[in-house]
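Report on the structure given below.
Order of the sequence lines fixes the chain letters, A, B, ..., with proteins taken first and strands second; residue numbering starts at 1 for each chain. Just so we're clear, the structure is a prediction, and the values are computed from it rather than from any experiment.
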Amino acid sequence: MNFSFPHNWPRTKREAYIIQKEAADKISLLPDIDTPKLIAAVDTAYGYGGETVYASAVVTTFPEIEEIERFSRFGPVKFPYVPGLLFFREGPVILEALAGLQHEPDIIIVHGHGIAHPHGCGMASHIGVLCDKPTIGCCRKLLNSGYHRPVQTQKGSFQPVLFKGKEVGIAYRSKDNVKPIFISPGYKCSMEQARDIIIRNLRGYRLPEPLRLAHLSANTFKRYIEKKQNSHHLR
DNA sequence: GCGACAG
DNA sequence: ATCTTGTCGC
């Protein structure tokens, strides 16, 4: 992928909130495309001790969902985990993984929130703004910025997630009797399109297949690097 | 002031 | 997220 990489990364929460606000003002939820042909998904894994973050970007075809490319990068963690500021912790390495992709995806699924976020700008939205590429946020928990009515236990059931009187996402039951997942538009994507694409990318697991592949890839990459570093260290 | 809080 | 063993259930 080709996009301009951010140069100034915040070192404090205060600086991060300012940057996040600037990104929030650039969010558009007008759909950019209709049916995607290529979908990218990104996820991370943390190294032993938690001082290194590994990120993988996987590209799959749609609607077949066959992996055609993956690219991984790792680097030192430079920002603490602060709920609501996940982008500043994982974003740097995720963007490097995306930048290394040869194929140009039509939309990106991010393991995190889109607009279902205290300031309306979760990691998925922030990544979309920087790449100028449609994004969808998909994860397993809600931040304290949304609530929903109970979701029926059958797969396919869902409830809107509301925050400050607005629908910011949906709680979706992707498997019978398994806790719902949370879907929210990130950037250049509507609520309906976000839901439709995630649903059509489910393959029997709680999370959509592209995200599951990215998760597995990040962990495989992590074990590969850590093993290599261990053997190199024993000389 | 306290609690809740993606990964 | 990570560390960590067994264990309950489909």
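Whole-Å rounding puts the Lys13(A) NZ to dC5(B) C1' distance at 11 Å. At whole-Å resolution of the value, CD1 in Ile181(A) and C1' in dG7(B) are 16 Å apart.
A sub-4.0 Å separation between OP1 or OP2 of dT2(C) and a side-chain N or O of Lys222(A) is present. In this structure, Asn177(A) does not reach the dG9(C) phosphate: none of its side-chain N or O atoms is under 4.0 Å from OP1 or OP2.
Among the heavy atoms of the strands lying under 4.0 Å from His111(A) are primed sugar atoms or P, OP1, OP2 only; no base atom is included. Asp176(A) comes within 4.0 angstrom of nothing in the nucleic acid, heavy atoms only. Within 4.0 Å of Tyr48(A), counting heavy atoms only, lie sugar-phosphate atoms of the nucleic acid but no base atom.
Between the side chain of Lys222(A) and the backbone N or O of Tyr46(A) there is at least one donor-acceptor pair closer than 3.5 Å.
Under the 4.0 Å criterion applied to side-chain N and carboxylate O atoms, Asp32(A) and Lys133(A) are not assigned as salt-bridge partners. A salt bridge is defined here as a Lys NZ or Arg NE, NH1 or NH2 lying under 4.0 Å from an Asp or Glu carboxylate O, and Arg203(A) with Glu209(A) fails to meet this definition.
Tested against Val59(A), the residues Gln102(A), Glu67(A), Glu69(A), Glu66(A) include a single side-chain contact (heavy atoms from CB on, under 4.5 Å) partner, Glu69(A).
Relative to the six-membered ring of Tyr205(A), Arg212(A) meets both conditions, a distance below 6.0 Å and an angle of at most 45° to the axis.
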Pairing of DNA chain B as dot-bracket, 5' to 3': ( ) intra-strand, [ ] crossing, | other strand, . unpaired, with Watson-Crick or G-U pairs under 3.5 Å?
.......
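When every heavy atom of Ser56(A) is checked against every heavy atom of Ala214(A), the shortest pair comes out as CB-O, 3.8 Å.
The six-membered or imidazole ring of His148(A) lies near that of Phe182(A), with a centre-to-centre distance under 6.0 Å. Note: His126(A) and Phe88(A) meet the aromatic proximity criterion, with ring centroids under 6.0 Å apart.
Non-hydrogen atoms lying under 4.0 Å from DNA chain B are contributed by Tyr81(A), Pro83(A), Gly84(A), Leu85(A), Leu86(A), Arg89(A), Glu90(A), all within residues 73-90 of chain A.
Chaining together hydrophobic side chains whose heavy atoms lie under 4.5 Å apart places Met191(A) alongside Ile39(A), Phe62(A), Ile107(A), Ile109(A), Ile136(A), Phe158(A), Ile170(A), Tyr172(A), Ile181(A), Ile183(A), Ile197(A), Ile198(A), Ile199(A), Leu202(A), Leu207(A), Leu211(A).
Between dT2(C), dA6(B), dA4(B), one nucleotide has an atom nearer to the side chain of Cys139(A) than all others, and that is dA6(B).
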